[in-house]
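Written below as structure tokens is the structure these notes are about.
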Amino acid sequence: MKRRSALKKLGLLGLVAATTPAIAREVETKFCNVYTKYRPEIHNRNIMHIKNPLNPTKGELKHTPEIKVGNTDSRGYTLVEVTIGSNGIIHPSTSTHWIDFIELYKDGELIDKVVFEPGKAMGYAAFRVKLDGAKTLKAIAGCNIHGIWENSININ
Ligand SMILES: [Fe+2]
């Protein structure tokens with residue numbers, strides 16, 4: 001209530017109320033625009049698998065999500081980083097070939113999804129997740145040319 005009164009005195013209450021939904025709408029619109037704009041360049045939505053897990057190819061390693069679990073903060077949120085590419089073979093991001101999304105799942109439940117535009121960012125995402133005794137983390141990533149790849153790790 002003190003914060004509300006202070007904002008009211010400053011005349012910012014209306015500004016806060018007016019801008020927050022606008023920002024949310026802008027982000028939502030951007031996501032929709034990214035999907036619409038680049039949809040014709042998404043050429044492969046097949047689920048892909050590593051043919052021989054004991055001897056993956058360079059192309060398979062380049063598309064396999066690598067999941068790293070980091071520290072847990074004082075509120076109980078654990079850093080989970082997902083990089084597309086493993087063993088140091090990182091997937092490129094160019095105007096014609098890129099990782100277009102990364103999803104993170106905890107025990108099969110979708111935690112979040114990140115959408116990428118071509119050539120603007122590498123296939124990397126970091127999340128702060130309440131693991132709450134979860135047993136597995138799974139990441140799914142889409143390459144616009146080479147399909148959809150996933151990887152899971154056990155965390156307990
Ligand atoms: Fe690719």
Side-chain angles (χ1 to χ4, degrees), residues 1-4 6-7 12 15-17 19-35 38 42 44-45 47-95 97-156:
M1 203 61 191
K2 282 182 181 178
R3 182 174 180 263
R4 191 178 185 92
L7 288 172
L12 296 176
L15 181 65
V16 170
T19 56
T20 302
I23 291 167
R25 276 196 306 275
E26 185 179 318
V27 170
E28 191 176 304
T29 301
K30 184 181 177 197
F31 269 41
C32 293
N33 289 346
V34 166
Y35 269 120
Y38 299 108
I42 307 292
N44 187 342
R45 290 294 81 159
I47 308 295
M48 309 302 285
H49 301 281
I50 295 176
K51 291 184 175 77
N52 180 1
L54 296 176
N55 189 21
T57 66
K58 192 175 174 183
E60 291 168 336
L61 289 172
K62 190 165 59 175
H63 290 88
T64 301
E66 189 172 77
I67 305 167
K68 285 186 182 169
V69 178
N71 66 326
T72 300
D73 68 18
S74 60
R75 295 180 178 180
Y77 290 89
T78 301
L79 177 65
V80 178
E81 294 178 284
V82 179
T83 303
I84 308 310
S86 51
N87 290 11
I89 304 172
I90 305 302
H91 193 280
S93 179
T94 70
S95 60
H97 181 200
W98 78 102
I99 296 300
D100 61 276
F101 75 88
I102 295 174
E103 294 173 345
L104 180 67
Y105 294 81
K106 177 183 84 173
D107 286 343
E109 172 196 2
L110 177 65
I111 298 298
D112 210 343
K113 178 174 187 166
V114 179
V115 175
F116 300 93
E117 293 186 66
K120 291 192 176 177
M122 300 295 280
Y124 169 86
F127 308 84
R128 282 275 178 193
V129 182
K130 279 237 178 188
L131 294 179
D132 291 331
K135 300 209 178 327
T136 63
L137 288 171
K138 176 174 74 177
I140 299 179
C143 164
N144 72 311
I145 292 175
H146 300 108
I148 295 173
W149 300 77
E150 75 170 59
N151 192 21
S152 296
I153 62 169
N154 292 321
I155 53 175
N156 270 333

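Quick note: numbers below take in every heavy atom, side chains included, and nothing from hydrogens, waters or symmetry partners.
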Closest approach of [X] and [Y], non-hydrogen atoms and distance?
X: Pro92; Y: Lys62; value: CD-CD, 3.9 Å
X: Val114; Y: Ala125; value: CG2-CB, 3.9 Å
X: Ala121; Y: Ser93; value: O-OG, 2.9 Å
X: Val82; Y: Ala139; value: CG1-CB, 3.7 Å
X: Pro56; Y: Leu54; value: CD-C, 3.7 Å
X: Ala134; Y: Asn156; value: O-ND2, 2.8 Å

**OP:** Enumerate the residue pairs fulfilling ring-ring contact (aromatic ring centres under 6.0 Å, His included) with a member in residues 126-156, sequence neighbours excluded, ordered by first and then second residue.
**Re:** His63-His146, His63-Trp149, His97-His146
Return the [atom1] to [atom2] distance between [X] and [Y], rounded to the nearest 0.5 Å.
X: Asp112; Y: Arg128; atom1: CG; atom2: CZ; answer: 14.5 Å
X: Ile42; Y: Asn144; atom1: CD1; atom2: CG; answer: 5.0 Å
X: Ile67; Y: Leu137; atom1: CD1; atom2: CG; answer: 6.0 Å
X: Ile90; Y: Met122; atom1: CD1; atom2: CE; answer: 6.5 Å
X: Leu104; Y: Glu109; atom1: CG; atom2: CD; answer: 10.0 Å

**OP:** Tell me, with the steps shown, if Ile153 and Ile155 meet side chain to side chain contact (heavy atoms under 4.5 Å, CB included).
**Re:** CA-CA 6 Å; Ile153 62 169; Ile155 53 175; 3.9 Å; yes
**OP:** Apply side chain to side chain contact (heavy atoms under 4.5 Å, CB included) to Tyr105 and list each qualifying residue two or more places apart in sequence or on a separate chain.
**Re:**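 Listed in chain order: Glu103, Leu110, Lys138, Ile140.
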**OP:** Check side chain to side chain contact (heavy atoms under 4.5 Å, CB included) between Ala126 and all other residues, then give those that pass, not counting sequence neighbours.
**Re:** Leu79, Glu81, Tyr124
Subject >> From CA spacing to verdict: side chain to side chain contact (heavy atoms under 4.5 Å, CB included), Val129, Val69 >> reply: CA-CA 10 Å; Val129 182; Val69 178; over 6 Å; no
Please check if atom [atom1] in [X] has more than 12 non-hydrogen atoms from other residues, nucleotides or ligands closer than 6.0 Å.
X: Lys135; atom1: NZ; result: no
X: Arg75; atom1: CZ; result: no
X: Lys130; atom1: NZ; result: yes

Quick one: does [X]'s side chain have a donor or acceptor within less than 3.5 Å of a partner on [Y]'s backbone?
X: Asn87; Y: Ile89; answer: no
X: Asn151; Y: Thr64; answer: no
X: Asn44; Y: Ile145; answer: yes
X: Ser95; Y: Pro118; answer: no

**OP:** List for me each residue that meets salt bridge (Lys or Arg N to Asp or Glu O under 4.0 Å) alongside Glu150, sequence neighbours excluded, and say none if there are none.
**Re:**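 Partners of Glu150 by the salt bridge (Lys or Arg N to Asp or Glu O under 4.0 Å) criterion come out as none, since no residue qualifies.
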**OP:** Quick one: list whatever passes side-chain hydrogen bond (donor to acceptor under 3.5 Å, both in side chains) with Glu60, sequence neighbours left out.
**Re:**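 Scan of Glu60 (side-chain hydrogen bond (donor to acceptor under 3.5 Å, both in side chains), adjacent residues dropped) gives Thr57.
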Subject >> side chain to side chain contact (heavy atoms under 4.5 Å, CB included) between Asp132 and Lys106, intermediate numbers included >> reply: CA-CA 10 Å; Asp132 291 331; Lys106 177 183 84 173; 4.2 Å; yes
**OP:** Taking ring pair (Phe, Tyr, Trp, His ring centres under 6.0 Å) as the test, write out the residues that go with Tyr38, two or more places apart.
**Re:** Trp98
